[in-house]
Amino acid sequence: MPKLGMQPIRRRQLIDATIASIRANGFAETTVSQISRRAGVSTGIVHHYFENKEDLLEATLRALAAELWRGIVQRLAAACTPKERAIAVIDGNFAAPVLTEDSVAAWLSFWAAVPTRPRFARIQRIIDRRMRSNLRHSLKQLMDPERAAEATEGLCAIIDGLWLHAAFSGGRIDAEHRRRIAVDYLEAQLRMVQHAEPA
């Protein structure tokens with residue numbers, strides 16, 4: 001019988017091993033045996049905590065999403081202005097604990113699987129809705145609703161594109177450079193609003 005309090009530790013251990021295995025072997029080639037070897041446990045332990053590989057993969061995607069949103073929520077709590085809130089969303093996406101070689105490889109694999117895996121698609125829709133909602137809420141206080149919607153779509157596309165590009169960076173992920181590109185886009189949108197305002 002597992003020790004009391006061991007479940008969250010063991011589950012996290014298996015999720016970390018899954019992320020590393022996806023990066024090393026690819027999504028389709030990752031097996032429960034590979035994950036258990038990386039975690040240093042038996043396959044029986046894996047099946048004790050997760051019914052099957054699909055459950056473990058879903059838990060891994062949820063863990064990645066939770067880590068992303070934990071960082072964003074912390075930054076939103078410290079933000080005082082609408083612009084700072086928008087930047088908090090950007091910063092949360094490019095924070096060091098989130099934007100790592102392993103996590104980028106895992107996210108890319110999950111994105112590729114979304115069209116054929118309804119469980120993953122549902123989680124990704126939630127992530128996208130939260131991102132757009134937080135950005136749009138902030139930007140609507142800085143520009144008219146139509147422009148805020150367009151700027152939100154543009155910013156989301158840039159963030160996703162920068163993540164995608166990180167997957168092909170050859171192992172060197174410059175998070176600050178990517179953050180700066182996204183912030184520069186936001187600044188450009190705000191300047192356009194200022195120039196469009198009547199004198």
Side-chain angles (χ1 to χ4, degrees), residues 1-75 89-131 159-179 182:
M1 174 182 262
K3 292 179 183 175
L4 191 63
M6 193 65 183
Q7 181 174 356
I9 296 169
R10 187 68 82 196
R11 285 175 67 90
R12 185 69 234 190
Q13 180 185 13
L14 294 171
I15 285 167
D16 288 342
T18 302
I19 293 169
S21 191
I22 289 171
R23 182 184 176 207
N25 305 302
F27 195 77
E29 301 302 319
T30 290
T31 65
V32 170
S33 294
Q34 290 166 347
I35 293 166
S36 66
R37 278 198 302 274
R38 280 186 178 276
V41 300
S42 69
T43 56
I45 291 290
V46 178
H47 289 297
H48 176 78
Y49 291 101
F50 300 97
E51 187 174 332
N52 50 41
K53 176 183 164 183
E54 194 76 3
D55 284 344
L56 176 50
L57 290 172
E58 181 179 350
T60 300
L61 178 54
R62 288 185 183 279
L64 288 166
E67 186 173 37
L68 170 66
W69 278 103
R70 206 164 27 247
I72 290 174
V73 167
Q74 288 172 353
R75 288 167 175 81
V89 175
I90 295 170
D91 287 349
N93 272 277
F94 298 107
V98 174
L99 192 72
T100 65
E101 292 174 35
D102 282 357
S103 64
V104 165
W107 274 110
L108 183 61
S109 295
F110 281 114
W111 284 340
V114 159
T116 58
R117 303 293 236 300
R119 292 164 74 174
F120 301 166
R122 185 170 55 252
I123 297 167
Q124 189 60 49
R125 281 195 299 272
I126 293 169
I127 296 166
D128 289 343
R129 276 200 301 268
R130 286 178 181 168
M131 180 95 70
I159 290 169
D160 286 346
L162 290 167
W163 265 80
L164 183 62
H165 186 263
F168 307 113
S169 64
R172 184 179 175 275
I173 298 176
D174 187 341
E176 178 55 31
H177 174 67
R178 286 173 167 75
R179 175 199 175 274

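L56 is not listed as a side-chain neighbour of V32, based on a closest heavy-atom distance of 4.5 Å or more. With a 4.5 Å cut-off on side-chain heavy atoms, I9 and Q13 do not count as touching. For the pair R119/D55, a side-chain contact is recorded, criterion being any heavy-atom separation below 4.5 Å from C-beta on. In this structure, L108 and W163 have side chains that are not in contact, with every pair of non-hydrogen atoms separated by 4.5 Å or more. Contact annotation: the side chain of L64 approaches that of I19 to within less than 4.5 Å [non-hydrogen atoms, C-beta and beyond]. In this structure, N93 and L68 have side chains that are in contact, with non-hydrogen atoms separated by less than 4.5 Å. Put simply, the side chain of F50 does not reach to within 4.5 Å of the side chain of L57, judged on heavy atoms. Here the side chains of I72 and R130 are not in contact, with every heavy-atom distance at 4.5 Å or above.
The shortest heavy-atom contact between A182 and I159 is CB-CG1, 4.5 Å. V98 approaches G92 most closely through the heavy-atom pair CG2-O, 4.0 Å. The shortest non-hydrogen separation linking A166 to I173 is O-CG1, 4.2 Å. In terms of heavy-atom proximity, K53 sits nearest to F27 at NZ-O, 3.8 Å. Taking both residues in full, the closest heavy atoms of A65 and I127 are given as CB-CD1, 3.6 Å, listed atom of the first, atom of the second, then distance. Here the closest non-hydrogen pair linking A106 and I22 is CA-CG2, 3.9 Å.
No side-chain donor-acceptor contact under 3.5 Å links S21 to the backbone of T30. A distance-only check finds a donor-acceptor pair linking the side chain of R11 to the backbone of Y49 [under 3.5 Å].
One finds a salt bridge joining R117 and E54 here, because a Lys/Arg side-chain nitrogen approaches an Asp/Glu carboxylate oxygen to under 4.0 Å. With salt bridges taken as basic N to acidic carboxylate O contacts below 4.0 Å, one links E176 and R179.
Evaluation of the salt bridge (charged side-chain N to carboxylate O under 4.0 Å, His left out) test over residues 32-43, restricted to residues two or more places apart or in two chains, returns none. Within the structure, the side-chain hydrogen bond (donor to acceptor under 3.5 Å, both in side chains) test picks out the following pairs touching residues 102-115 (sequence neighbours left out): R23-D102, T100-S103, W111-Q124.
For the atom pair CZ of R178 and CG of L99, the computed distance is 6.5 Å after rounding to the nearest 0.5 Å. Distance CD1/I35 to OG1/T43: 11.0 Å, rounded to 0.5 Å. The CG atom of L61 sits 5.0 Å away from the CZ atom of F110 when rounded to the nearest 0.5 Å.
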Can you check side chain to side chain contact (heavy atoms under 4.5 Å, CB included) on V41 and L14, steps first, answer last?
CA-CA 9 Å; V41 300; L14 294 171; 3.8 Å; yes
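Taking the salt bridge (Lys or Arg N to Asp or Glu O under 4.0 Å) definition, one finds that D16 meets it with R12, sequence neighbours left out.
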